[in-house]
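Sequence lines set the chain letters: A, B, ... in the order given, protein chains first and strands last, and positions in each chain run from 1.
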Amino acid sequence: MTTHDHYNLIIIGGGPSGMSVAVGAAEAGLKRILLLERHPRLGGILNQCIHLGFGLSYFKEELTGTEYAFRYKKNLEETCTEVITGSFVHKLTPQKQVAFVCPEGEFVIPADHVVLATGCRERTREMLTTPGTRPAGIFTAGLAQEMVNIHGLLPGKNAVIIGSGDIGLIMARRMTLEGARVLAVMEILDHLSGLVRNKIQCLDDFGIPLYLRHEILEILGKNRVEAVRYRDNATGEVKELSCDTLLYSVGLIPERDLLIDAGIEPGNGYYVSGNADYVHDLVDRVTRDGERLGRSLSGS
Amino acid sequence: MDKQKKKTKKIAKPLDESRAKRYTCIVCPTCCELETDGIEVNGARCPRGERFALQEMVMPLRFVTTSVRAQIPEGTMMIPVKTAYPVPMARVFEIMKEIKALRLSEIPPIGAKVTAGSAESPTEWIVTGEVE
Ligand SMILES: Cc1cc2nc3c(=O)[nH]c(=O)nc-3n(C[C@H](O)[C@H](O)[C@H](O)COP(=O)(O)OP(=O)(O)OC[C@H]3O[C@@H](n4cnc5c(N)ncnc54)[C@H](O)[C@@H]3O)c2cc1C
Ligand code: SF4
């Protein structure tokens, strides 16, 4: 399976961050580099980002997320990095041993440096704490994105989007193009969370209203979502809106459970990069930071 | 949120106020606030923004991205695509209808061209991703 019983560097996660750390490290002269990715292919979240808006700074060209992943994979392929897809890392030890399972079995391999490039997960707490029933039709925006773009499934016909983060804005347009009606994007804050250009090209272009300072109070519906009750916090007015689908786009949380579970702090050969470090709006920055981190690692 | 925006050095050009319109440039994440009367453009930090404002005034154009179905023996796969050129905003839904009606019989490689729509007014799309 792996060609060595010890590596200079093991990277967990094959998204843009993990790939760029490998590229940087190879540039710096590291020889034994292992990249572990749980999915069958590299690219991370970029694989479900079929919209344009990536690479303007790094590739000097506007690409889709999928194109960015493809281009950057070429850079990775020019390095000596060994890649194992379909490998899930489930445990780390303070001695920098990485335990992972893949179709060939379970492996525990030590390394000089271990980089956590595991990305982030979507916040769902708001979803779970919104009072009301628990009918079908409630999704995170990222899950909806995967359903539509990769599996060709439409989550519903009349949607309300909770939160004005980029994934929610991108999905408002995506659902509209696929024939669904997006009735509103509701944001509890008094300002947009995502990029302004996404509000313009995803909401304004399609006449989708953005309700700022609006709070969702209750989900109504028996088997399927039937409506939401919400409050305009500026006026205190409470209203209901009929819909069959709710998409939550209420933020991302860096995925660092592997370190937390093992009681390890970053440092002493452990590093965190990309969205696992902090949430990045732009992938170009993720790539540059990752390459820099990779170059700073010395072989031993 | 509070991204530091450098003040434009350029002095604002006089505009024909009766025709002046405001746009936010969406060409890059800087999101410059533009104002144009169809001849001069103020507020753009680069020439792409000037072109954007002038175009937006006449006929807004957008790239469309979506995924198209490929029916292969193993099942249905979704292939990510983008229009080969920006299309008139007013035609976006029509163009979506055309690409949704299309069924590919094999998985094209990234960069391949796919044509949808009628023979008289076809739309060209480019495959943007690999499907395993
Ligand atoms: C909807 C959406 C829209 C976006 N739009 C833009 C945009 O327009 N322009 C732009 O520049 N940026 C955009 N971004 C941001 C950009 O895509 C991200 O910042 C970037 O992808 C983060 O890269 P990453 O490698 O840190 O994380 P990810 O891409 O999430 O990769 C993490 C990888 O780690 C793997 N992994 C996790 N845990 C394990 C484990 N235990 N074992 C093995 N593998 C594991 C995952 O499978 C995944 O492949 C967008 C992001 C989203 C979600
Ligand atoms: S004018 Fe230039 S710098 Fe400003 S948003 Fe448009 S493309 Fe970006």
Side-chain angles (χ1 to χ4, degrees), chain A residues 39-43 46-57 60 62-71 73-74 85-86 145-154 166 170 173-174 176-179 189 191-202 204-206 281-282 284-285, chain B residues 1-3 5 22-34 46 48-49 52 56 60-71 75-83 86-90 92-101 103 109-111 125-132:
Chain A
H39 286 305
R41 57 178 166 167
L42 296 173
L46 296 179
N47 290 330
Q48 68 184 62
C49 293
I50 64 169
H51 61 282
L52 288 156
F54 301 79
L56 265 171
S57 149
K60 303 280 175 267
E62 184 164 43
L63 304 170
T64 66
T66 49
E67 287 176 316
Y68 190 102
F70 179 80
R71 287 249 189 129
K73 248 184 271 177
K74 296 270 170 239
T85 51
Q145 187 179 46
E146 185 186 332
M147 285 170 71
V148 178
N149 293 349
I150 297 182
H151 306 296
L153 302 166
L154 195 59
D166 283 318
I170 296 288
R173 173 176 65 184
R174 193 71 192 103
T176 306
L177 288 178
E178 285 298 327
L189 302 173
H191 61 263
L192 183 75
S193 307
L195 299 170
V196 175
R197 72 194 296 244
N198 284 340
K199 173 186 176 283
I200 296 168
Q201 52 188 346
C202 299
D204 300 355
D205 272 2
F206 299 97
D281 286 342
L282 296 176
D284 309 69
R285 180 76 187 277
Chain B
M1 204 60 255
D2 308 306
K3 267 178 209 132
K5 286 193 177 171
R22 294 177 164 277
Y23 301 103
T24 303
C25 182
I26 55 171
V27 178
C28 91
T30 311
C31 295
C32 296
E33 294 295 336
L34 312 175
C46 83
R48 286 180 304 173
F52 172 81
E56 197 74 358
L61 298 177
R62 299 288 186 267
F63 279 95
V64 180
T65 59
T66 185
S67 33
V68 57
R69 286 190 154 69
Q71 250 140 22
T76 304
M77 300 296 252
M78 301 304 292
I79 315 292
V81 288
K82 65 177 178 190
T83 50
V87 299
M89 189 60 216
V92 165
F93 283 103
E94 194 184 328
I95 285 168
M96 274 301 297
K97 219 179 201 169
E98 295 167 359
I99 190 83
K100 275 164 88 86
R103 292 287 177 277
I110 185 166
W125 298 76
I126 294 173
V127 175
T128 57
E130 291 178 302
V131 178
E132 80 261 37

Discussion item. Counting only non-hydrogen atoms closer than 4.5 Å, does B:V27 touch chain A with its backbone (N, CA, C, O), its side chain (CB onward), both, or neither?
Written reply: backbone
Worksheet item: Are the side chain of B:T128 and the backbone of A:T64 linked by a donor-acceptor contact shorter than 3.5 Å?
Response: no
Worksheet item: Is there a side-chain contact between A:L177 and B:M96 (heavy atoms, below 4.5 Å)?
Response: yes
Worksheet item: About how many Å separate CE of A:M147 and CE of B:M78, when rounded to the nearest 0.5 Å?
Response: 12.0 Å
Worksheet entry | Under-4.0 Å salt bridge between B:E130 and A:R41 | no
Worksheet item: Any idea which heavy atoms bring B:S67 and A:V148 closest together, and the distance?
Response: OG-O, 4.1 Å
Worksheet, complete the sentence: SG (B:C28) and CD (A:E62) are apart, to the nearest 0.5 Å, by 9.0 Å
Worksheet entry | Closest approach of B:F93 to A:T176 (non-hydrogen atoms, all atoms of both residues) | CE2-O, 3.6 Å
Worksheet, complete the sentence: Rounded to the nearest 0.5 Å, the NE2 atom of A:H151 sits from the OG1 atom of B:T76 at a distance of 13.0 Å
Fill in: Pair B:T66, A:R174: side-chain N/O donor-acceptor within cut-off below 3.5 Å
yes
Practice prompt. Between chain B and each of A:N47, A:L52, A:D204, A:D205, count heavy-atom pairs under 4.5 Å; write down the option with the most.
Written response: A:D205
Worksheet item: Under 4.5 Å between any side-chain heavy atoms of B:P29 and A:L56, yes or no?
Response: yes
Response to the item:
Most contact-rich option vs chain B, by heavy-atom pairs under 4.5 angstrom, among A:K73, A:R173, A:Q201, A:E178, is A:E178
Item to complete: Decide yes or no for B:K82 and A:H51: does some side-chain heavy atom of the first lie under 4.5 Å from some side-chain heavy atom of the second?
Response: no
Item to complete: Any chance you could measure B:C31, atom SG, to A:I200, atom CD1, to the nearest 0.5 Å?
Response: 6.0 Å
Worksheet item: Going from CG on A:L195 to OG1 on B:T30, what distance comes out if it is rounded to the nearest 0.5 angstrom?
Response: 10.5 Å
Item to complete: Sort A:S57 into side chain, backbone, both or neither according to what part of it lies under 4.5 angstrom from a heavy atom of chain B.
Response: neither
Fill in: Beyond-backbone contact of B:T24 with A:K199, side-chain heavy atoms, under 4.5 angstrom
no
Response to the item:
For B:V92 and A:F206 the tightest heavy-atom approach is CG1-CE2, 4.5 Å
